[in-house]
Every structure is written in C-alpha cells, then in structure tokens.
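Numbers for residues simply follow the sequence, beginning at 1. What you see is a predicted model, and the numbers here were worked out from it, not measured in a lab. For ligands, and for the atoms within them, numbers begin at 1 and follow the listed sequence.
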Amino acid sequence: MKFLDEAKVYIRSGDGGNGCVSFRREKFIEFGGPNGGDGGKGGDVIAEAVDGLNTLIDYRYQQHFFAKNGGGGMGKDRHGANGADIMLKVPVGTQIYEEDGVTLLADLTDRGQRAVLARGGNGGFGNAYFKSSTNRAPRRANPGQPGEELTIRLRLKLIADAGIVGLPNAGKSTFLAAVSAAKPKIADYPFTTLQPQLGVVGIDGREFVLADIPGLIEGAHEGVGLGDRFLGHVERCRVLLHLVDGTIEDAGAAYRTIRAELAAYGNGLAEKPEVVALNKADALDSDTVKQQTARLKRAAKKTPLVISAVSGEGVADVLRRLLTVIEKARTSQAEPASASASWQA
Ligand SMILES: Nc1nc2c(ncn2[C@@H]2O[C@H](COP(=O)(O)OP(=O)(O)OP(=O)(O)O)[C@@H](O)[C@H]2O)c(=O)[nH]1
Ligand SMILES: [Mg+2]
C-alpha cells in the first residue's frame with residue numbers, strides 16, 4: 001500500500017430542515033390551531049482516529065465529504081428527520097488544519113478520539129412553536145440554518161517513541177531491521193528509504209515504537225534531497241537516535257550537518273533528547289574507531305556509543321538508553337489537558 005501523509009479534503013455539513021406552517025383541520029374541530037413541526041438538524045462532519053490505518057491514502061481517492069441535510073418539518077407536529085453525520089476515519093496521529101495549513105483544528109493522537117469539523121445547521125422552528133396567547137394562529141416558520149463548508153488539510157504525523165535520524169547510508173534502516181520485525185529496504189546507495197517506517201522494539205520486557213525516516217542531507221530544509229518533510233514524523237518522538245556512519249571521512253562533520261538541518265526545521269526537534277551512536281564499527285579498525293569517536297565527541301559534546309547494526313555490537317545499549325528516556329517521559333506525563341480538548345465530540 002502506498003504511504004501518503006498529506007491530503008486536502010473538502011467537507012460540508014448538512015443544512016437544517018425548514019420548519020413547517022400547517023394548521024390542524026378536522027371535521028367538527030374548530031380552531032384546530034397550528035401544528036407545523038420543526039425541521040431536523042443537519043448532519044455533522046466528524047473525524048475519528050482509528051486503529052488499523054497508517055496512511056491517508058484513502059483521501060487520495062475521495063476528497064469530498066457531505067453530511068446529509070435535515071428533513072423539513074411536517075404537519076401534525078411531525079419533526080423532520082435529522083441528517084446523518086459523516087465520519088472521516090483517519091490514522092492515529094493525524095492533525096487537521098484549516099485550508100491555510102497553519103491553523104490547527106484538531107490533533108487526533110488517541111484511538112477513538114473524535115473532532116467535529118463542521119457542525120450541521122439547526123432545523124427551523126415550525127409554526128406550532130410560535131403559538132402564544134396573543135398569536136394563536138402564527139403563519140410563520142423558520143428556515144433551517146445552513147451547514148458549514150470548508151476545505152481542510154489532513155497531515156499525518158506518525159506516533160513513535162523514538163526516531164532515527166542521520167545522513168543517507170548511515171545504516172538507519174539496517175538498525176530498524178535489526179531491532180524489530182520491520183523489513184525496510186536496505187542498500188548501499190543513498191536514499192534507499194523513501195517513506196517512514198515503523199517498528200516495535202522489545203527490550204528488557206518493555207516495548208517502544210521506533211521510526212526510520214529517509215536520510216537528510218545538507219540543505220534538506222531548502223528541499224535538497226528528499227527535503228525535510230519527513231521530519232514531521234519524528235516531531236512527536238520523545239527521543240532521537242542520531243546514527244553516524246563511521247566509514248565516512250569525518251563523523252563530526254556528518255553530525256553537525258544533521259544537527260543544522262534539525263535546527264533549521266524547528267518545531268522543537270533540536271531540543272529533543274538525543275542518543276548519538278557511531279555505526280558500522282565492524283568495518284573499522286580500532287584506530288579509526290578512536291579517531292571518529294573523538295571527532296564525534298567534539299561535535300556532539302558527549303561520548304557516542306560505538307555500535308554495529310550488522311554485528312549487533314552495542315545495539316542493546318542504544319535501546320536501553322532510548323528506553324530510559326522514553327520511560328521517564330511516559331511517567332512524568334501527567335496528561336495535561338490537551339489543547340484540542342474542546343474539539344473532541
Ligand atoms: N559494515 C556495516 N555496514 C552497515 C552497517 N549498517 C548498515 N550498513 C550498510 O550500509 C548501507 C546502508 O544501510 P541502510 O540501512 O540502507 O542506510 P540508511 O541510513 O537507511 O540509508 P537511507 O535509507 O538511504 O537514508 C547498506 O549497504 C548496509 O548494509 C553496519 O553496522 N556495518
Ligand atoms: Mg533507509
């Protein structure tokens with residue numbers, strides 16, 4: 001299945017049904033009085049985060065979603081039927097923006113979480129409603145209120161606990177494949193990975209989700225290479241794993257390149273906790289390991305772990321470090337009321 005993480009969708013909620021003007025007319029009953037019913041409410045357009053979806057590909061094929069209009073009120077005090085809602089099923093982690101792509105309407109981070117995106121119009125009152133002591137035969141009824149229409153943008157930001165960043169060929173996908181059941185494509189040319197991949201990692205009886213994203217290169221924030229658009233998928237991670245290929249010339253320079261891109265992207269990525277690892281140790285002699293570690297340490301201002309995604313050396317240490325940060329974040333997160341709470345249906 002193709003991966004798609006952005007979609008533009010046009011939605012319209014239902015109009016309310018009109019109120020009805022009607023009078024009771026029966027043989028032998030004088031002054032039967034008004035009996036026009038109210039119109040029904042128009043349907044809402046609602047988004048819901050569901051399990052089992054991990055792309056927005058469905059929205060490539062259908063981009064228009066209309067809820068049903070409410071039915072008109074009728075005589076004999078009959079209320080119009082309410083219009084049916086329409087439900088947009090989206091993967092967990094989907095953010096919904098206004099057309100400008102900046103104003104956030106809803107952030108659906110939990111399974112089952114819902115947001116009403118467009119409210120159906122209320123039905124109009126029928127003439128029975130306007131009956132009073134001074135006007136016992138009102139001839140007016142309200143029209144239904146119109147629904148809302150708007151264009152929205154859906155943006156999927158995968159929910160992973162940890163994300164791997166690094167230059168192309170650093171061994172990110174190899175690492176993911178080594179520690180999880182994920183089967184990303186691995187090859188010795190840059191930009192093997194074209195789409196983010198997720199894997200579930202088990203360590204010390206605990207689990208977390210690790211994301212592998214396409215490699216970054218200098219200028220990614222200006223669109224060079226695959227650009228930095230996939231960085232959105234590590235925005236929600238609690239910790240980054242920064243992999244540096246030990247076989248390249250200068251591990252320190254590679255590190256700085258990626259850090260510069262993270263800083264240029266913004267959104268808090270540069271401030272995230274980071275575990276730094278020098279990869280491909282199996283292919284290096286001990287002098288080179290020492291040199292590269294020293295360069296990397298100078299650049300990162302902390303001692304990197306030395307690992308090999310191929311031989312497995314040091315990999316468990318990396319996972320434990322990641323897990324420590326993740327667990328700490330999990331326990332300290334006393335679930336502050338989410339900013340989008342008012343949008344939940
Ligand atoms: N010797 C050795 N080779 C490795 C190691 N890890 C990865 N490689 C090799 O490095 C090459 C690139 O690995 P990938 O895992 O595809 O790298 P990537 O970072 O995912 O690259 P992109 O998806 O292009 O960004 C492959 O040929 C791997 O076999 C390692 O620990 N030791
Ligand atoms: Mg890859």
protein heavy-atom neighbour closest to atom 32 (N) of ligand 1 works out as Asp282 OD1, 2.6 Å
Please identify which atoms of ligand 1 are closer than 4.0 Å to at least one heavy atom of Ala283.
1 (N)
Atom 20 (O) of ligand 1: of Ser173, Pro184, Gly314, Ala277, the nearest heavy atom sits on Ser173
Would you give the length of the straight line joining atom CG of Leu194 to atom CD1 of Ile213, rounded to the nearest 0.5 angstrom?
12.5 Å
Can you check whether Ile213 has an N/O within less than 3.5 Å of an N/O in ligand 1?
no
Can you sort out which atoms of ligand 1 are near Thr174, meaning under 4.0 Å from one of its heavy atoms?
6 (N), 7 (C), 13 (O), 14 (P), 15 (O), 28 (C)
Side chain or backbone, does Phe191 bring an N or O within less than 3.5 Å of an N or O on ligand 1?
yes
Value for CG (Leu4) from CG (Asn54), rounded to nearest 0.5 Å, stands at 11.5 Å
Heavy-atom distance to atom 26 (C) of ligand 1: which of Ala187, Ala178, Gly171, Ser308 wins?
Ala187
I need the contact type for Asp188 against ligand 1. Using non-hydrogen atoms and a strict under-4.0 Å cut-off, is it side chain, backbone, both or neither?
both
For atom 30 (C) of ligand 1, closest protein heavy-atom neighbour:
Val310 CG2, 3.3 Å
Pair Asp282-Ser308, side-chain donor/acceptor within less than 3.5 Å:
yes
What about Asn169: any of its N or O atoms under 3.5 Å from an N or O on ligand 1?
yes
Do Arg236 and Asp107 sit within salt-bridge range, that is, some charged N less than 4.0 Å from a carboxylate O?
yes
Within the side chain of Asn267, is there an N or O that forms a donor-acceptor pair under 3.5 Å with the backbone of Leu269?
no
With side-chain contact (heavy atoms from CB on, under 4.5 Å) as the test, would you mind laying out the steps for Leu319 and Phe175 before giving the verdict?
CA-CA 11 Å; Leu319 296 183; Phe175 187 90; 4.0 Å; yes
Tell me the protein heavy atom at minimum distance from atom 31 (O) of ligand 1, and give that distance in Å.
Ala309 N, 2.8 Å
Quick one: which ligand 1 atoms are inside 4.0 Å of a heavy atom on Pro190?
24 (O)
Considering residues, nucleotides and ligands other than Glu249, do more than 12 of their heavy atoms fall under 6.0 Å from its CD?
no
Would you say the side-chain atoms of Asp285 and Thr288 include a donor-acceptor pair closer than 3.5 Å?
yes
More than 12 non-hydrogen atoms from neighbouring residues, nucleotides or ligands closer than 6.0 Å to OH on Tyr59, yes or no?
yes
Does any N or O atom in Gly215 lie less than 3.5 angstrom from one in ligand 1, N or O only?
yes
Gap separating the CD atom of Glu222 from the CD atom of Glu261, nearest 0.5 angstrom
7.5 Å
If you measure every N/O of Pro168 against every N/O of ligand 1, is any gap under 3.5 Å?
no
CG-NZ distance between Leu167 and Lys172, expressed to the nearest 0.5 angstrom:
7.0 Å
Donor-acceptor pair, Gln292 side chain versus Ile248 backbone, under 3.5 Å?
yes
Taking 2.8 Å as the distance threshold, tell me the number of protein N/O/S atoms next to the Mg ion (ligand 2).
2
Does ligand 1 come near enough to Ala281 that some N or O of the ligand is less than 3.5 Å from an N or O of the residue?
no
So, 4.0 Å and heavy atoms of Tyr189: is ligand 1 close enough to count as a contact?
yes
Is the shortest N/O to N/O distance between Ile186 and ligand 1 below 3.5 Å?
no
Can you tell me the protein heavy atom closest to atom 8 (N) of ligand 1 and the distance?
Lys280 CE, 3.6 Å
Are any of the side-chain nitrogens in Asp245 or Lys280 under 4.0 Å away from the carboxylate oxygens of its partner?
yes
Checking Arg12 against Phe66: charged group under 6.0 Å from the ring centre and within 45 degrees of the axis?
yes
For atom 25 (O) of ligand 1, the protein heavy atom that lies nearest, with its residue and separation:
Lys172 NZ, 2.9 Å
Run Ser13 and Asp44 through side-chain hydrogen bond (donor to acceptor under 3.5 Å, both in side chains) and show every step you take.
CA-CA 5 Å; Ser13 57; Asp44 297 335; over 6 Å; no
Could you tell me the separation between the CG atom of Leu176 and the NZ atom of Lys183, rounded to the nearest 0.5 Å?
11.0 Å
Nearest protein heavy atom with distance in Å, relative to atom 23 (O) of ligand 1
Thr193 OG1, 2.7 Å
Give yes or no for whether the N/O distance cutoff of 3.5 Å, strictly under, is met between Asn279 and ligand 1.
yes
